[in-house]
Amino acid sequence: KGGITVVVAGIQLTLEQNTSFAVSSLDVRNAFNEGNRDKILEALWNEPRLRGMYVYAHRLLENPSYIGMGSGTSLFDPGFRCEKGVQQGAPEASFLFNLLIHAANKETNDQLAQDGGSLLAIHDDTYFVGPPEAVFRAESDHAQRLARVGLILQ
């Protein structure tokens with residue numbers, strides 16, 4: 001088991017050990033569709049181990065990207081193109097989206113850790129855990145961090 005099961009188990013254990021802690025669950029609005037493509041490429045370039053993927057990602061994110069709807073012989077052109085974010089469901093989408101939000105998530109996790117808390121996230125589903133006042137402060141700060149890459153926390 002993995003994914004959300006691990007997150008839920010971690011939150012439950014933390015709350016059992018720290019009865020004064022709070023947990024807040026927020027979502028990134030229209031997450032995969034709204035991220036700033038230039039910021040995705042910047043994050044990729046700023047990680048030396050990933051630079052070999054830069055040209056590939058740049059080609060994927062060139063504006064505007066083709067969108068096909070349907071499948072097999074019923075594939076058709078819907079008449080519009082993707083100009084922001086990544087195409088959710090595409091094999092590379094999770095990697096590129098998570099790369100986009102990594103710095104914001106890390107900063108917020110470090111912020112919460114100062115009070116014994118943490119940030120847990122699965123893609124755009126974000127959980128803030130810690131003392132209530134630290135959680136509320138971190139939510140506000142995290143919203144500002146995500147805004148820098150074109151995303152809105154809701």
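Cluster membership for Leu96 and Tyr54, using ILVMFWY side-chain heavy atoms within less than 4.5 angstrom, is shared. A chain of hydrophobic side-chain contacts below 4.5 Å, direct or via other Ile, Leu, Val, Met, Phe, Trp or Tyr residues, connects Ile11 to Ile4. Hydrophobic clustering places Leu15 together with Val7 (ILVMFWY residues linked when any side-chain heavy atoms are closer than 4.5 Å, directly or through intermediates). Phe136 and Val23 fall into different hydrophobic clusters, where Ile, Leu, Val, Met, Phe, Trp and Tyr are joined by side-chain heavy atoms under 4.5 Å apart, directly or via other members.
Here the NE2 atom belonging to His102 is positioned 10.0 Å from the CD atom belonging to Glu107, to the nearest 0.5 angstrom. With rounding to the nearest 0.5 Å, the separation of CZ in Arg37 from CG in Leu60 is 9.0 Å. Remark: Asp27 CG to His123 NE2 distance equals 12.0 Å, nearest 0.5 Å. Residue Asp124 holds its CG atom at 11.5 Å from CG of Leu26, rounded to the nearest 0.5 Å. The distance from the OG1 atom of Thr108 to the CZ atom of Arg145 is 4.0 Å, given to the nearest 0.5 Å.
For the residue pair Leu75 and Gly70, the shortest heavy atom distance occurs at CD1-O, 3.7 Å. Closest approach of Val135 to Ala22, counting heavy atoms only: CG2-O, 3.9 Å. Across every non-hydrogen atom of Leu119 and Asn109, the tightest pair is N-OD1, 2.9 Å. Ser71 approaches Ser74 most closely through the heavy-atom pair O-OG, 2.7 Å. Between Trp45 and Arg51, the closest heavy-atom pair is O-NE, 2.7 Å. Asn36 approaches Asp38 most closely through the heavy-atom pair OD1-N, 2.8 Å.
Between the side chain of Arg29 and the main chain of Leu153, no donor-acceptor pair closer than 3.5 Å is present. In this structure, the side chain of Asp115 does not engage the main chain of Gly117 through any donor-acceptor pair within 3.5 Å. Put simply, the side chain of Asn46 gets close to the backbone of Glu42: a donor and an acceptor are under 3.5 Å apart. Here the side chain of Asn18 pairs no donor or acceptor atom with the backbone of Ser20 at under 3.5 angstrom.
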Next item on the list: Let me see the working for Leu100 and Leu151 under side chain to side chain contact (heavy atoms under 4.5 Å, CB included), right down to the final yes or no.
Entry: CA-CA 10 Å; Leu100 175 67; Leu151 298 172; 3.9 Å; yes
Checklist line | Residue pair Tyr56, Leu44: steps toward the side chain to side chain contact (heavy atoms under 4.5 Å, CB included) verdict | finding: CA-CA 11 Å; Tyr56 170 71; Leu44 187 61; over 6 Å; no
Next item on the list: Before giving the answer on side chain to side chain contact (heavy atoms under 4.5 Å, CB included), spell out for Val129 and Leu112 the whole-Å C-alpha distance, their side-chain angles and the decisive distance to 0.1 Å.
Entry: CA-CA 8 Å; Val129 182; Leu112 284 164; over 6 Å; no
Next item on the list: Start with the C-alpha distance between Asn33 and Lys84, add both sets of side-chain angles, then the distance that settles side chain to side chain contact (heavy atoms under 4.5 Å, CB included), and finish with yes or no.
Entry: CA-CA 6 Å; Asn33 303 320; Lys84 295 191 295 186; over 6 Å; no
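Ring planes of Phe97 and Phe32: parallel class, angle under 30° (limits at 30 and 60°).
Looking at residues two or more places apart in sequence or on another chain, you find a side-chain contact (heavy atoms from CB on, under 4.5 Å) between Glu133 and Pro131, Arg137.
Inter-residue side-chain proximity for Val28 and Ile101 is flagged as unmet; no heavy-atom pair is nearer than 4.5 Å. Looking at Glu92 and Val86, their side chains never come closer than 4.5 Å, going by heavy atoms from C-beta outward. Inter-residue side-chain proximity for Thr14 and Tyr127 is flagged as unmet; no heavy-atom pair is nearer than 4.5 Å.
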